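Heads up, the thing below is written out as structure tokens.
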Amino acid sequence: MDEFLNDIVRNMKKVFPVFLLLVFHFSLCSAQDLDTIFCRNGKTVVGKVINVGKDKVVYITPPDSSRTEISTWRIDYIVYPGGTRFSFTERSKTAPPSTASFHLSADVGGSVPSISYRDGIAGFHFGPRGTFYFNHTIGVVAKAEVDFNGTGLDYISNSYWGGFYVFQQYLAGLTYRTGGKPGFPFVDFVGMAGLCKATNPPTTEQGGGADPLVLTNAGSGSGPGFYFGIDFTSSADQPVAFTFGAGFLYAAFSYPDYSTTVSAYDPHTSLIGNTTSDPVAKMSLVLYQMYVGINFRVKKANK
């Protein structure tokens with residue numbers, strides 16, 4: 001029995017060096033088959049590169065077979081067995097797809113004034129508008145538009161009949177977009193605020209004959225304005241689309257040059273005139289608007 005065990009020990013002593021040599025050989029061969037990834041931050045990764053893509057590199061680190069990804073903009077170069085080198089120095093970080101878009105539109109439509117300007121009749125308005133969407137839902141919008149509304153319903157003088165109210169709007173605000181599924185339009189809920197200006201007809205006349213003649217010279221007014229509306233835009237993926245919108249503008253104007261002249265004729269004396277100025281005259285406007293716009297897509301969302 002002792003002799004049998006001694007034989008086993010002697011044989012193991014002979015085999016063990018050969019075993020160590022084989023292990024070292026296979027380890028050396030395995031290490032020579034691995035790739036080395038040199039990162040730009042100084043880190044080095046030894047593993048086996050599976051795939052080199054445009055945006056990422058996939059590798060494993062034996063004996064672990066799980067795959068790991070690393071962005072190409074983080075890598076300086078890769079050294080393959082045999083010394084072959086693949087460089088990434090010319091590559092830069094890939095920007096994520098942009099969800100932003102920009103649109104310009106030309107709007108034209110009709111409007112009807114009310115409150116202090118209820119003697120105005122239906123008119124028309126036009127102007128440019130720009131909308132920048134940060135994503136598919138939220139955006140900022142700005143517009144500059146002019147409304148022309150005829151007057152004349154209350155004026156009976158032979159020397160003057162009517163004129164135009166001119167309302168200028170310089171507004172900016174936010175828009176919230178929803179909808180846009182195939183076959184359905186985009187729906188935008190728009191809210192804007194800014195500066196508005198109003199220009200009244202040069203002189204308005206009321207009365208005359210047996211009644212006093214009242215001449216009103218309002219001049220031009222300015223003040224804050226607020227717009228709320230809803231837009232419907234074609235959802236087709238085209239650079240040009242049509243928009244239908246409706247809403248209303250509320251504005252409060254101050255008239256620094258507002259004046260009124262009242263003239264009456266007394267047969268026993270002469271023509272009597274009395275001019276009164278009101279530098280703090282204020283007027284309010286509600287302007288109902290409907291319009292159609294041609295929408296040009298300047299920048300398209302990439303995602």
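Because the structure is predicted, anything quoted here is derived from the model rather than measured.
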Notebook entry, point to check: Taking it one step at a time, do R85 and D76 satisfy salt bridge (Lys or Arg N to Asp or Glu O under 4.0 Å)?
Noted result: CA-CA 10 Å; R85 177 168 169 165; D76 192 4; 5.3 Å; no
Item checked: Pair F148-F124, ring pair (Phe, Tyr, Trp, His ring centres under 6.0 Å): steps then yes or no -> CA-CA 6 Å; F148 292 89; F124 69 97; 5.6 Å; yes
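Using cut-offs of 30° and 60° for the angle between ring planes, the Y255 and F253 rings count as perpendicular.
Among pairs with a residue in residues 213-223, none fulfils salt bridge (Lys or Arg N to Asp or Glu O under 4.0 Å), at least two apart in sequence or across chains. Sorted by first and then second residue, the pairs that involve residues 183-193 and meet salt bridge (Lys or Arg N to Asp or Glu O under 4.0 Å), not counting sequence neighbours, are R177-D188. Contacts classified as salt bridge (Lys or Arg N to Asp or Glu O under 4.0 Å) and involving residues 58-67 (residues at least two apart or in different chains) are not found. Counting only residues at least two apart or on different chains, the ring pair (Phe, Tyr, Trp, His ring centres under 6.0 Å) pairs with a member in residues 33-52 are F38-Y77.
For K143, the salt bridge (Lys or Arg N to Asp or Glu O under 4.0 Å) partners at least two apart in sequence or on another chain are E145. A search for side-chain contact (heavy atoms from CB on, under 4.5 Å) contacts involving F189 returns Y176, T178, V187, I230, not counting sequence neighbours. When the salt bridge (Lys or Arg N to Asp or Glu O under 4.0 Å) test is applied to K48, no partner is found at least two apart in sequence or on another chain. Annotation: salt bridge (Lys or Arg N to Asp or Glu O under 4.0 Å) contacts of D147 (sequence neighbours excluded): none. Residues meeting the salt bridge (Lys or Arg N to Asp or Glu O under 4.0 Å) test with K56, sequence neighbours left out: E69. Take F134 and apply the side-chain contact (heavy atoms from CB on, under 4.5 Å) test, not counting sequence neighbours, and it matches F132, I138, V140. In this structure, the side-chain contact (heavy atoms from CB on, under 4.5 Å) partners of N51, at least two apart in sequence or on a different chain, are V58.
One hydrophobic cluster holds both V108 and V166 under the rule that ILVMFWY side chains link at heavy-atom gaps under 4.5 Å. Linking Ile, Leu, Val, Met, Phe, Trp and Tyr residues whenever their side-chain heavy atoms come within less than 4.5 Å leaves V292 and V146 in two separate clusters. Both V45 and V52 belong to a single network of hydrophobic side chains, linked directly or stepwise wherever heavy atoms of I, L, V, M, F, W or Y lie under 4.5 Å apart. Hydrophobic clustering, with ILVMFWY side chains joined whenever heavy atoms are under 4.5 angstrom apart, keeps F102 apart from M192.
Within the 4.5 Å cutoff, no side-chain heavy atoms of T36 are placed close to those of I78.
Side-chain atoms of Y291 and Q289 form no donor-acceptor pair, as typed in the model, at a separation below 3.5 Å.
Interatomic distance, OG of S222 versus CG of L195, reported as 6.0 Å (0.5 Å rounding).
Under the 4.5 angstrom side-chain criterion for Ile, Leu, Val, Met, Phe, Trp and Tyr, Y133 has no cluster partners at all.
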